[in-house]
Amino acid sequence: MIDNLDLVREHYRAAGVTERLKAALAALGPDDRPLAPGALAALDQFHTRGLAATVELAELTRLSAEDFVLDVGAGVGGPARFVAATRGCRVVGVDLSETLIDAARYLTERTGQTGQVRFQVAAAAKLPFDDGAFDVALLQHVAMNVADRAGLYREIRRVLKPAGRFATYDVVAGDGEPIYPLPWARTPATSFLLNAAATGEAIEAAGFRVIEWRDDSEAARAWAAELRASGPPPGLNLGLVMGRDIGALAGNLARNLIEGRLGVLAAVFEAAPASA
């Protein structure tokens, strides 16, 4: 029997990702020439507003070199590499997809960051780490793939130290039913959207209190309108990771954002004391 987790895993299991990346990045230089993490932004920031959103979330979260960071649902590792390079923190990234983790490790070798950033295969709602292992957890465009939202947030709370920070940048439900297929789900079978208020309630119920809250929907709509007008960038882009139909999937995302069917939430929470 195939369950929702298997369907999500299959959605992100595009064949030959690492090989495509190696072929495309040959144009930037040989494998032994380190690449700046920012040079990969067009293909490794798999979320609305791309690198700009990662930069803003790092600022909201006040990431520093002292932080040990967990990137939940890391994909091919773009945000993990970028915050490590710009904030000096150590990062562990996890993702359900073996294919994406293999690509993340390859790209991290290309940026010369294997001593600072590492990746492993794991489900977001079943993290293979001790209680209180991390200072910060990041979650970008992942929660809508997780059916057990309460369990996801409890698990993130478990692996954070007391007063640890949890930063989320995720798509939320808006007005009306979304139009599929979308970058994270081809059908509603693997899409588990909550609206912004319900998302906040679920996170707080898991043992967090909000310290930053920002509705990023207007900025996302502006980004979507620009994407509609210009199309995906030539050369290095997310098609190398998700396949040739990423343009159609991104186009549907743009339509849903512009029509208000979807919104985007950026928020940072603090792990409340156990007695709170």
Side-chain angles (χ1 to χ4, degrees), residues 3-5 7-9 11 46-48 53 56-57 60-61 69-75 79 93-96 122-129 131-178 180 182-185 187-217 220 253 256-257 260-276:
D3 63 17
N4 287 325
L5 201 62
L7 291 172
V8 171
R9 186 184 288 109
H11 177 74
F46 191 25
H47 50 263
T48 304
E56 292 172 11
L57 195 66
L60 278 178
T61 315
V69 179
L70 174 64
D71 186 4
V72 182
V94 298
D95 200 277
L96 188 65
K126 192 175 181 181
L127 298 169
F129 306 111
D131 295 0
F134 296 92
D135 301 293
V136 176
L138 304 178
L139 188 77
Q140 294 193 83
H141 283 37
V142 174
M144 61 274 198
N145 272 141
V146 181
D148 182 9
R149 193 69 70 89
L152 167 67
Y153 297 137
R154 284 196 304 268
E155 187 69 347
I156 291 173
R157 172 65 184 86
R158 181 186 67 78
V159 301
L160 283 176
K161 295 176 181 176
R165 284 112 62 211
F166 168 41
T168 182
Y169 182 74
D170 258 319
V171 175
V172 294
D175 298 322
E177 290 297 315
Y180 292 87
L182 287 161
W184 67 87
T187 73
T190 50
S191 185
F192 308 99
L193 292 161
L194 297 177
N195 63 29
T199 298
E201 290 169 4
I203 294 172
E204 291 181 329
F208 290 97
R209 53 191 176 204
V210 65
I211 55 177
E212 297 283 352
W213 183 275
R214 189 178 72 192
D215 183 343
D216 207 46
S217 301
L253 173 61
N256 280 292
L257 288 167
R261 298 171 185 267
L262 297 173
V264 178
L265 171 67
V268 181
F269 297 80
E270 181 180 74
S275 59

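Every value quoted in this text rests on a predicted model; they were computed, and no experiment measured them.
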Less than 4.5 Å apart, side chain to side chain, heavy atoms only: is that true for [X] and [Y]?
X	Y	value
Leu139	Phe166	yes
Glu204	Phe269	yes
Pro183	His47	no
Val268	Trp213	no
Leu70	Val94	yes
Leu138	Val72	no
Leu193	Leu262	yes

Distance-only donor-acceptor hits, side chain of residues 167-175, under 3.5 Å, sequence neighbours excluded:
{"unit_1": "Thr168", "atom_1": "OG1", "unit_2": "Asp170", "atom_2": "OD2", "d": "3.3"}
{"unit_1": "Tyr169", "atom_1": "OH", "unit_2": "Thr48", "atom_2": "O", "d": "3.2"}
{"unit_1": "Tyr169", "atom_1": "OH", "unit_2": "Asp216", "atom_2": "OD2", "d": "2.9"}
{"unit_1": "Asp170", "atom_1": "OD1", "unit_2": "His141", "atom_2": "N", "d": "2.7"}
{"unit_1": "Asp170", "atom_1": "OD1", "unit_2": "Val142", "atom_2": "N", "d": "2.8"}
{"unit_1": "Asp170", "atom_1": "OD2", "unit_2": "Ala143", "atom_2": "N", "d": "3.4"}

If I compare all heavy atoms of [X] with all of [Y], which pair ends up nearest, and what's the gap?
X	Y	answer
Ala133	Lys161	O-CE, 4.2 Å
Gly93	Ala74	CA-CB, 3.8 Å
Asn256	Pro178	OD1-CA, 3.3 Å
Ala185	Tyr180	O-CD2, 3.5 Å

Evaluate Asp135 against Leu160 for side chain to side chain contact (heavy atoms under 4.5 Å, CB included), listing each step before the verdict.
CA-CA 6 Å; Asp135 301 293; Leu160 283 176; over 6 Å; no
Partners meeting side-chain hydrogen bond (donor to acceptor under 3.5 Å, both in side chains) with Ser217 (sequence neighbours left out):
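Per chain and number, Ser217 pairs via side-chain hydrogen bond (donor to acceptor under 3.5 Å, both in side chains) with Asp215.
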Residues in side-chain hydrogen bond (donor to acceptor under 3.5 Å, both in side chains) contact with Asp131, at least two apart in sequence or another chain:
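Arg158.
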Checking the side chain of [X] only, and the main-chain atoms of [Y] only, is there a donor and an acceptor separated by less than 3.5 Å?
X	Y	value
Glu212	Leu60	no
Arg157	Gly207	yes
Asn145	Phe192	no

In this structure, is the centre-to-centre distance between the rings of Phe134 and Phe129 below 6.0 Å?
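Centroid distance Phe129-Phe134: below 6.0 Å, so yes.
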Donor + acceptor pair across side chains of Ser191, Trp184 (<3.5 Å):
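Result is yes, a qualifying pair exists.
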Quick check for you: to the nearest 0.5 Å, what is the distance between [X] atom [atom1] and [Y] atom [atom2]?
X	Y	atom1	atom2	value
Thr199	Ile203	OG1	CD1	6.0 Å
Leu182	Met144	CG	CE	8.5 Å
Asp95	Phe46	CG	CZ	10.5 Å

Can you tell whether the side chains of Arg165 and Glu270 come within less than 4.0 Å, N to carboxylate O?
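Here Arg165 does not pair with Glu270 in a salt bridge, since their nearest N and O are not under 4.0 Å apart.
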